[in-house]
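Since the structure comes first, as structure tokens, the remarks are kept for the end.
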Amino acid sequence: MSPAPVIIAIDGRSGSGKTTLAIELAARLREHRKVSLFHLEDIYPGWNGLAAGIERYVTTVLSPLRRGESAEWVSWDWERHYDGDARTTRPAEIVLVEGVGAAAAAALPLLDAVIWADSSDADRRARALARDGDTYEPFWDQWAAQEAEWLAADDVPARADVHVLNRADGTAPDDVLQALQYIPAVAPALLPELTARLGLQLLAERIDAQPEAGQLFAELFGGSANAVWLDSSLAPAGLAPEAAERSRFSILADDGGRFGQAVRHSSGRTRVSTGQATVTTDGPFFRWLDGVWGRRALRAPEAYPCEFTLGWLGYLGYELKRETGGNDVAAATPDACLLFAGRAVVLDHAEGTAWLLTLDAPDAGDWLKVARAAVAAATPAPGTAPRGNTPGRPAAPRFTARDTEAGYKAKVTEAQREIAEGNTYEVCLTTALTANSPTGPQGMDPWPTYLDLRRRNPAPFASFLRFGELAVASTSPERFLQIAADGRMRAEPIKGTRRRDTEPDVDAALRQELESSAKDRAENIMIVDLLRNDLSHFAVPGSVAVGRLCAIESYATVHQMVSTIDARLRPGLPRAEAVAACFPAGSMTGAPKVSTMAILERLEAAPRGVYSGAIGYFSLNGAADLSVAIRTLVMSALDDGTATLSLGVGGAVTADSSPQEEYEEVRTKAFGVLSALGAQFPSA
């Protein structure tokens, strides 16, 4: 008797390409493993024998294979319409079983993974008849009726681990193999394939050019369903060194190409789309992230100055707090959306260069050619000004506030009561403004909306994210957490805000007022202490240090008070867990974090979604750089041709807070985004 194999079922309706997929998948797996392949069509007892065939398969084939024993079974002779030869299927390290019913309910306890293959009805019929010709055609309707009856009572697609749209173009086996590596029960058996994937090669080209980033993004990724632009729209020239460092690089990427993937996580379920395959797994998001990131799979090319060497980009939503001490709250948007970029453009604003990055693959050369042309097209001719983006503005959306002025002030007072009772020291209370807008030419289009937003309110951590129907436009000035490839960590919390004024003397007075405010300094210092504690859990002892405390930085619409905390990650510790230890940002919760999140949940009585989470990248060299998702507009397209808009805003409440001043701070923070939309803060 052999050790129990890993058994993978490939199920789907007739003609969905299961047999070809199984054969090609087996061929790839046989490069490193012993593989057995079983076809259910060999055991069905006739054209009306689907149910009986499933029963035979489970009892005479699947059960002994699960025990590591050889399966002795009787085939069906389709020409004589009677039992055929006795056959044997021997166990192996991996067993693939394919056919209609391979993942039936009776088989499920004996399987390690289920793949559901699908194709259009027309394609399925054409494929099935092309393969079996006149033999099958008279029985197509009879067999299809059996399939429909079986699936009505046994919903295999709903519980499949992997779904694949099999277009018969040769891509399905590689897509499925990549998807299977995310299934815990199967991944150990695929270790050789995973190791081969980690042996990736990075191709890099430097171009001395300063393309207009918005035009370049539209050229390369405007048609991509999933795309990310981490946009340092605040020009680094003339900035303080710290602000210039944050504003040096812009990253433009999508999930196209051979290695592209897209990920959505909601309430403990992670769905990864890789090519035509989609795999769903259960479990915490940060555990999943640890499995795909944090190991130095790629090194930066020579003279390349950025920490990003391809990898995962997107956002982590606030409700991931369920994994870091907060309660489990469901949000309307996914708790995390990321894409894996196997190709990207990195703009170095300090040196005036564009870097083209791609993983070595058969399509890499073609993409580099396209990217070079796009950079050239987006680069202004010498002596000319960059082409400006002046999109037409649609009718301004009418926002409503979740809290009235009186209601928000009452919540501030309630937060102060919690402080007085010793339950918290600082409460970062938030609210939300929401609106509905038509989409299309006369309505809200996320892309021109973001272009207008970045033009009016540039920021070092501006970003535009598109994940299908969901778009995120952010002009965040705040870094949540940076982890360098060599383990250096940095957090830069912002606490303390004043509006800008067009009158220089008034503006200077507002800046001075913030700089001298004892209340704002107290808020900032409390968050600094919280982040020092968060970082210390994974830091080398003695490495946590505050480099800047309560410094003032000025942006297009606000002055901000910023501090910098540095540390060094202990070697060998999981980087995803280091991110989790700091999540969500203390500047968006208050202190102490866990108990204050519970207070916030009661006061706010609504999920925050993307807002208050983090936006950024997780690079293949182990680096990460994440901003706090503030000054962030979230747009979700609906099936009825409209879109919902959401803008989160808030501020830190302390014992010394004035409810009126806290409400005015909310209005100040909303101004930058609302003004770009031509919208007004809703009246009480």
Step by step, work out the ring pair (Phe, Tyr, Trp, His ring centres under 6.0 Å) result for Phe217 and Trp229. CA-CA 7 Å; Phe217 184 84; Trp229 177 13; 5.7 Å; yes

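- Atom CZ of Arg90 has 12 or fewer neighbouring heavy atoms from other residues, nucleotides or ligands inside a 6.0 Å radius.
- Applying the salt bridge (Lys or Arg N to Asp or Glu O under 4.0 Å) rule to Arg372 yields the partners Glu205; only residues at least two apart in sequence or on another chain are considered.
- Between the side chain of Lys321 and the backbone N or O of Phe583 there is no donor-acceptor pair closer than 3.5 Å.
- Using a 4.5 Å heavy-atom threshold, the side chains of Asp363 and Trp367 count as separate.
- Comment: Arg56 does not engage Asp42 in a salt bridge, judged by the lack of any side-chain N to carboxylate O separation of less than 4.0 angstrom.
- Taking Phe285 as the reference, His265, Trp288 meet the ring-ring contact (aromatic ring centres under 6.0 Å, His included) condition, with sequence neighbours excluded.
- In this structure, Tyr315 and Ser463 have side chains that are not in contact, with every pair of non-hydrogen atoms separated by 4.5 Å or more.
- Note on residues 86-105: no pairs pass ring-ring contact (aromatic ring centres under 6.0 Å, His included), not counting sequence neighbours.
- Evaluated for a side-chain contact (heavy atoms from CB on, under 4.5 Å) with Arg66, the options Ile7, Val58, Val61 yield exactly one hit, Ile7.
- Panel note: side chain Ser16, backbone Arg13; a donor-acceptor pair is recorded below 3.5 Å.
- To the nearest 0.5 Å, the span separating CD on Glu147 from OG on Ser14 amounts to 3.5 Å.
- In this structure, the side chain of Arg575 engages the main chain of Gly622 through a donor-acceptor pair within 3.5 Å.
- For Tyr304, the ring-ring contact (aromatic ring centres under 6.0 Å, His included) criterion is met by Trp355, not counting sequence neighbours.
- A donor-acceptor distance shorter than 3.5 angstrom exists from the side chain of Asp161 to the backbone of Val114, with no hydrogens or angles considered.
- Classification of the Phe340-Trp312 ring pair by plane angle, with boundaries at 30° and 60°, yields perpendicular.
- Remark: aromatic rings of Phe464 and Trp447 are close, center separation under 6.0 Å.
- Residues Ile8 and Leu180 form a side-chain contact, since some pair of their non-hydrogen atoms from C-beta on lies under 4.5 Å apart.
- Under the salt bridge (Lys or Arg N to Asp or Glu O under 4.0 Å) criterion, Arg322 pairs with Asp328, Asp335, not counting sequence neighbours.
- Under the 3.5 Å distance criterion, the side-chain polar atoms of Ser636 are left unmatched by any main-chain donor or acceptor of Thr644.
- A salt bridge is absent between Asp118 and Arg167; no separation between the charged side-chain nitrogens and carboxylate oxygens falls under 4.0 Å.
- Here Tyr318 pairs with nothing under the ring-ring contact (aromatic ring centres under 6.0 Å, His included) rule; sequence neighbours left out.
- Residue pairs meeting the salt bridge (charged side-chain N to carboxylate O under 4.0 Å, His left out) criterion with at least one partner in residues 281-293, sequence neighbours excluded, are Arg269-Asp282.
- Among residues at least two apart or in separate chains, salt bridge (charged side-chain N to carboxylate O under 4.0 Å, His left out) pairs with a member in residues 306-320 are Glu307-Arg488.
- Applying the side chain to side chain contact (heavy atoms under 4.5 Å, CB included) test to Ala102 and every residue at least two apart in sequence or in another chain returns Ala9, Asp11, Leu40, Tyr57, Val97.
- The salt bridge (Lys or Arg N to Asp or Glu O under 4.0 Å) check on Glu55 picks up nothing, with sequence neighbours excluded.
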Output, in order, the C-alpha distance, side-chain angles, deciding distance and verdict of salt bridge (Lys or Arg N to Asp or Glu O under 4.0 Å) for Arg343 and Asp255. CA-CA 8 Å; Arg343 58 196 193 185; Asp255 64 343; over 6 Å; no

Let's go through Glu93 and Arg33 carefully: what are the C-alpha distance in whole Å and the side-chain angles of both, what is the deciding distance for salt bridge (Lys or Arg N to Asp or Glu O under 4.0 Å) to 0.1 Å, and is it a yes or a no? CA-CA 6 Å; Glu93 293 172 285; Arg33 300 289 190 184; 3.2 Å; yes

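- Residues passing the salt bridge (Lys or Arg N to Asp or Glu O under 4.0 Å) test with Glu469, sequence neighbours excluded: Arg264.
- Note on ring orientation: taking the six-membered ring where Trp is involved, the planes of Trp143 and Trp47 are perpendicular (angle over 60°, cut-offs 30° and 60°).
- With sequence neighbours excluded, the residues that form a ring-ring contact (aromatic ring centres under 6.0 Å, His included) with Trp73 are Phe38.
- Counted by atom type alone, Gln178 and Thr274 present one or more donor-acceptor pairs between their side chains at under 3.5 Å.
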